[in-house]
Amino acid sequence: DADTDDGCDAAAAAIAEAAAAAAAVGGGRANEGGNWLKQFMHRSYEALMVESVVTNVEQRIDRVLEWVAFMTNRTPLEVANLVKHNGSRTNGSKNGSENGHAAVVQRQALLEVVIEALYHFEADRTMLKQGKWANNYVVAISHKEP
């Protein structure tokens, strides 16, 4: 019927508009096989996974802190010390620590330990910490509000 055809036409137009917007955001790279989108989704996944583990360590969820310690050949106390002075979720303070810079430095150190726990290969760790993804989400989460 006519209403169904109008709905299909509207959906097709919306898809075409979204594809054009994606091409504009991707600098026209959408026509190059869509690798930029795949890389973007991969970076986002990696960042969310790292952020999830960092948050679980900070909030002492399950035994994630102990797991990170085991995977990085550290003691749980060494990993806990990366969180202890952060103030973000461990001492009841809702406003973060007195020294925001110190909290960011602590979180960066925790982030690096979590990356070490999650990624076996040094090349992967380097890519996340310093490489082509360094100016992306993984680094951005380390500067989250304490």
Side-chain angles (χ1 to χ4, degrees), residues 7-146:
C8 289
D9 291 341
I15 290 169
E17 184 178 337
V25 169
R29 292 176 281 187
N31 295 328
E32 297 174 11
N35 280 340
W36 69 272
L37 181 59
K38 188 184 297 183
Q39 291 171 356
F40 172 78
M41 296 301 291
H42 184 80
R43 287 191 309 261
S44 297
Y45 169 80
E46 299 293 339
L48 289 171
M49 183 171 54
V50 170
E51 170 63 8
S52 174
V53 175
V54 168
T55 301
N56 286 345
V57 169
E58 289 174 335
Q59 294 179 357
R60 304 294 206 278
I61 295 179
D62 295 329
R63 297 194 52 150
V64 176
L65 186 145
E66 290 82 1
W67 176 82
V68 168
F70 176 80
M71 294 299 293
T72 60
N73 201 27
R74 290 176 170 81
T75 66
L77 182 60
E78 288 174 305
V79 176
N81 283 336
L82 296 174
V83 180
K84 185 185 294 184
H85 302 294
N86 187 343
S88 62
R89 298 179 183 100
T90 57
N91 65 5
S93 170
K94 293 184 180 181
N95 297 324
S97 67
E98 293 289 320
N99 185 344
H101 176 70
V104 169
V105 170
Q106 285 300 121
R107 198 159 208 273
Q108 180 65 35
L110 177 59
L111 176 74
E112 290 182 14
V113 169
V114 166
I115 288 172
E116 182 183 338
L118 291 172
Y119 298 91
H120 176 75
F121 297 108
E122 189 59 40
D124 294 334
R125 295 175 187 167
T126 301
M127 177 181 63
L128 289 166
K129 292 191 241 180
Q130 304 167 4
K132 65 181 182 177
W133 292 8
N135 293 324
N136 207 309
Y137 303 102
V138 174
V139 171
I141 64 170
S142 70
H143 299 292
K144 185 167 113 176
E145 197 63 30

Peer 1: Stepwise, does the side-chain contact (heavy atoms from CB on, under 4.5 Å) test hold for Y45 with M49?
Peer 2: CA-CA 6 Å; Y45 169 80; M49 183 171 54; 3.9 Å; yes

Peer 1: Under the criterion side-chain contact (heavy atoms from CB on, under 4.5 Å), I'd like the reasoning laid out for D62 against N56: C-alpha separation, chi angles, the key distance, then a yes or no.
Peer 2: CA-CA 8 Å; D62 295 329; N56 286 345; over 6 Å; no

Peer 1: Show me, pair by pair, the donor-acceptor contacts under 3.5 angstrom made by side chains of residues 116-123, not counting sequence neighbours?
Peer 2:
{"from": "E116", "atom 1": "OE1", "to": "R74", "atom 2": "NH1", "distance (Å)": "3.2"}
{"from": "E116", "atom 1": "OE1", "to": "R74", "atom 2": "NH2", "distance (Å)": "3.4"}
{"from": "E116", "atom 1": "OE2", "to": "R74", "atom 2": "NH1", "distance (Å)": "3.4"}
{"from": "Y119", "atom 1": "OH", "to": "E46", "atom 2": "OE1", "distance (Å)": "2.0"}
{"from": "E122", "atom 1": "OE1", "to": "R125", "atom 2": "NH1", "distance (Å)": "3.3"}

Peer 1: Go through the side-chain N and O atoms of T55 and Q59 and say whether any donor and acceptor fall under 3.5 Å apart.
Peer 2: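 No, no side-chain donor-acceptor contact under 3.5 Å.
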
Peer 1: Which pair of heavy atoms, one from L82 and one from A109, lies closest together, and at what distance?
Peer 2: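 Nearest heavy atoms, L82 then A109: CD2-CB, 3.8 Å.
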
Peer 1: Measure the spacing between OG1 of T72 and CD of E112 and express it to the nearest 0.5 Å.
Peer 2: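 Output value for this atom pair is 12.5 Å.
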
Peer 1: Considering non-hydrogen atoms only, spot the tightest contact between V53 and V68 and give its length.
Peer 2: CG1-CG2, 4.0 Å

